[in-house]
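Report on one structure; see the data block that follows.
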2 protein chains.
Amino acid sequence: MTGAPPALRRLASLAPLDTWSFEAIDAALAKSQKIRRRRDILGEGKPIAGAQLLVRGWAARVKIFADGRRQFLSFLLPGDLVGYCRQPAPLAVSTVTTLTEVEICPAPDTAALDTVYAMSAALEEAYLLEQIVRLGRMSAMERIYSLFLELHERLSRAGLVTQTGFDMPLTQEILGDALGLTAVHINRMLQDARRAGLLEVTGGRVQLYDPLALAGQIGREPVRVADVLPTASPD
Amino acid sequence: MTGAPPALRRLASLAPLDTWSFEAIDAALAKSQKIRRRRDILGEGKPIAGAQLLVRGWAARVKIFADGRRQFLSFLLPGDLVGYCRQPAPLAVSTVTTLTEVEICPAPDTAALDTVYAMSAALEEAYLLEQIVRLGRMSAMERIYSLFLELHERLSRAGLVTQTGFDMPLTQEILGDALGLTAVHINRMLQDARRAGLLEVTGGRVQLYDPLALAGQIGREPVRVADVLPTASPD
DNA sequence: CGTCTTGTTGACTATGGTCAAGGCTCGTGG
DNA sequence: CCACGAGCCTTGACCATAGTCAACAAGACG
């Protein structure tokens, strides 16, 4: 599984996949389409055609105010679902926009994938709750640690963490709009964190020197949504 | 439908109900159990036995830090589902605690209710996103207006809004922990809002003098998750 | 090369937090 | 019937975290 595409790795880590599902995912991945940076995949209030699977690149759910204020709700990473809804005639409740060039494909649909998608949806909700806690009751520094640990955890499921570091194509402006802070303040906090020897952000890459210590410092536990621990696939 | 129980009114407003579903809901409501104030219905990290329906009273999803900080994630109102999950062996990702004495019953399970529950879950997600926006990018005053408008909208679905006002059993401390503010600041903002003639909070009851004007002031639109508008049942 | 985007830094400001005291209401028990 | 205490609300004085504004630097890219 080590060499498998990140999106497949993530899905396979959520629940056992049968042969049909593997083939369905392979077939879907082969139909991937490129989308350029800064394009909207879904528009707030517009109908959703069908669920899609993010294959490569980063996207984000975002709400934009009439006066220009912006709030990122969550980041979408390889293996995440976009527009997966179970009600009829669904409307997007937030815009989904690409942060990098991206590849997406229609989400494959087999019976065995129901559980995988349910797990995925449950995780998504858990991370939304984490985001609420960050914004509501954490200091600027804690918000940064918490977000980086979440990204670390989620990317490791897709096999995209290497040596405690990962690529993160987010500007300080975007981090600010995700964490309810200004880009200036993000900048200062990142420098403090670097000077404290806890992490480093350079050239689109994040290094967490000791993720467990960082998690301990802010009292963060890994997210779990089911009793059968959905682990990242072993290497 | 006007005289129907609030929980039934809410469910019926989400999607058409067939006769079986009506009967199943009636039968479930008859099995309601009382739970006292300040009791936990679900515990963070603990297994969830099955979905339940909140019949009467208020509850809340909450996360509590080791150092005592507290963040309310959402409020649960009559007709809301508690612990509705589609993955196997689900674990609660947040504590659910009662804010008043409450009645709950097992969530009835018929085929026609699948759509209702999907709508309910979609709405719940939409309100979580609204909460993120509040905490991330709104001023103290805007957060208060936004929350009250959300409660107004949700309670009206269950028929619990009378003359632009509704009962709200929340202390200023709880409002603070929901809105990422302190109780002291909530107090000051509520007084400013009252002096501005926009709303009044007295003795567990909220009066919004002009909900539409308030919504306009903060640029809020009613939440919609499907193209077939799920309206509150007409009186 | 210019231009655009992103990151960095400093000086100053403001929104909301903290701490502390006192008041009101209501339920309980003497 | 009244005294007491708990919980909640209110207010004031002071403080701190993060925001604003502005200028400049460093790359990236045509």
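Values below: all heavy atoms of this structure, side chains included; hydrogens, waters and symmetry mates excluded. Lettering of chains follows the sequences in order, A, B, ..., and the numbering in each one begins at 1.
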Can you check side chain to side chain donor-acceptor pair (under 3.5 Å) on Arg56(A) and Ser32(A), steps first, answer last? CA-CA 9 Å; Arg56(A) 188 179 57 78; Ser32(A) 294; over 6 Å; no

For the pair Leu199(B) and Arg194(B), evaluate side-chain contact (heavy atoms from CB on, under 4.5 Å) and give the outcome as yes or no after the intermediate values. CA-CA 5 Å; Leu199(B) 55 84; Arg194(B) 181 171 47 69; 5.6 Å; no

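The separation between Leu175(A) atom CG and dG7(C) atom C1' is 12 Å, rounded to whole Å. The separation between Asp192(A) atom CG and dA16(D) atom P is 17 Å, rounded to whole Å. Distance NE2 (His185(B)) to C1' (dT10(D)): 15 Å, rounded to an integer number of Å. Whole-Å rounding puts the Asp177(A) CG to dG19(D) P distance at 11 Å. Here dG17(C) presents its C1' atom at 13 Å from CD1 of Ile186(B), a figure rounded to the nearest Å. In this structure, Leu179(B) places its CG atom 15 Å from C1' of dG17(C), rounding to the nearest Å. Here the P atom of nucleotide dT5(C) and the CG atom of Leu99(A) are 16 Å apart, to the nearest Å. Here the C1' atom of nucleotide dT20(D) and the CG atom of Leu181(A) are 14 Å apart, to the nearest Å.
Nearest to the side-chain atoms of Thr171(B) among the listed nucleotides dC9(D), dT18(C), dG7(C) stands dC9(D). Across dT9(C), dT6(C), dC19(C), the shortest atom-to-atom separation from the side chain of Val184(B) is found for dC19(C).
Within the 4.0 Å cut-off from OP1 or OP2 of dT8(C), at least one side-chain nitrogen or oxygen of Gln172(A) is found. For Gln191(A), a side-chain nitrogen or oxygen approaches OP1 or OP2 of dT9(C) to under 4.0 Å. Close to dT10(D), at under 4.0 Å from its OP1 or OP2, lies a side-chain N or O of Asn187(B).
If you check every strand for non-hydrogen atoms under 4.0 Å, Arg69(B) touches nothing. Within the nucleic acid shown, Gly204(A) has no heavy atom closer than 4.0 Å to any nucleic acid atom. Across all strands, Arg194(B) comes closer than 4.0 Å to no nucleic acid atom at all (heavy-atom distances). The residue Gly180(B) sits close only to the backbone: its heavy atoms come under 4.0 Å of sugar-phosphate atoms, none of a base. At a threshold of 4.0 angstrom between heavy atoms, the contacts of Arg137(B) with the nucleic acid are absent.
Side-chain contact check for Glu150(B) and Tyr145(B): no donor-acceptor pair (N or O, by modelled atom type) lies under 3.5 Å.
Looking at Arg143(B), its side chain has no donor and acceptor atom pair within 3.5 Å of the base of dG16(C). In the interface, the side chain of Arg188(A) is not paired with the base of dG7(C) through any donor and acceptor atom under 3.5 Å apart.
Because its NZ or CZ atom is not both nearer than 6.0 Å to the ring centre of Phe65(B) and within 45° of the ring axis, Arg70(B) does not count as a cation-pi partner of that residue.
Remark: Gln191(A) CD is packed, more than 12 non-hydrogen atoms of other residues, nucleotides or ligands lying under 6.0 Å away.
Using cut-offs of 30° and 60° for the angle between ring planes, the Phe148(B) and Phe166(B) rings count as perpendicular.
Position along DNA chain D of the nearest nucleotide to Ala140(A) versus Leu190(B) favours Leu190(B) as the more 5'-ward residue.
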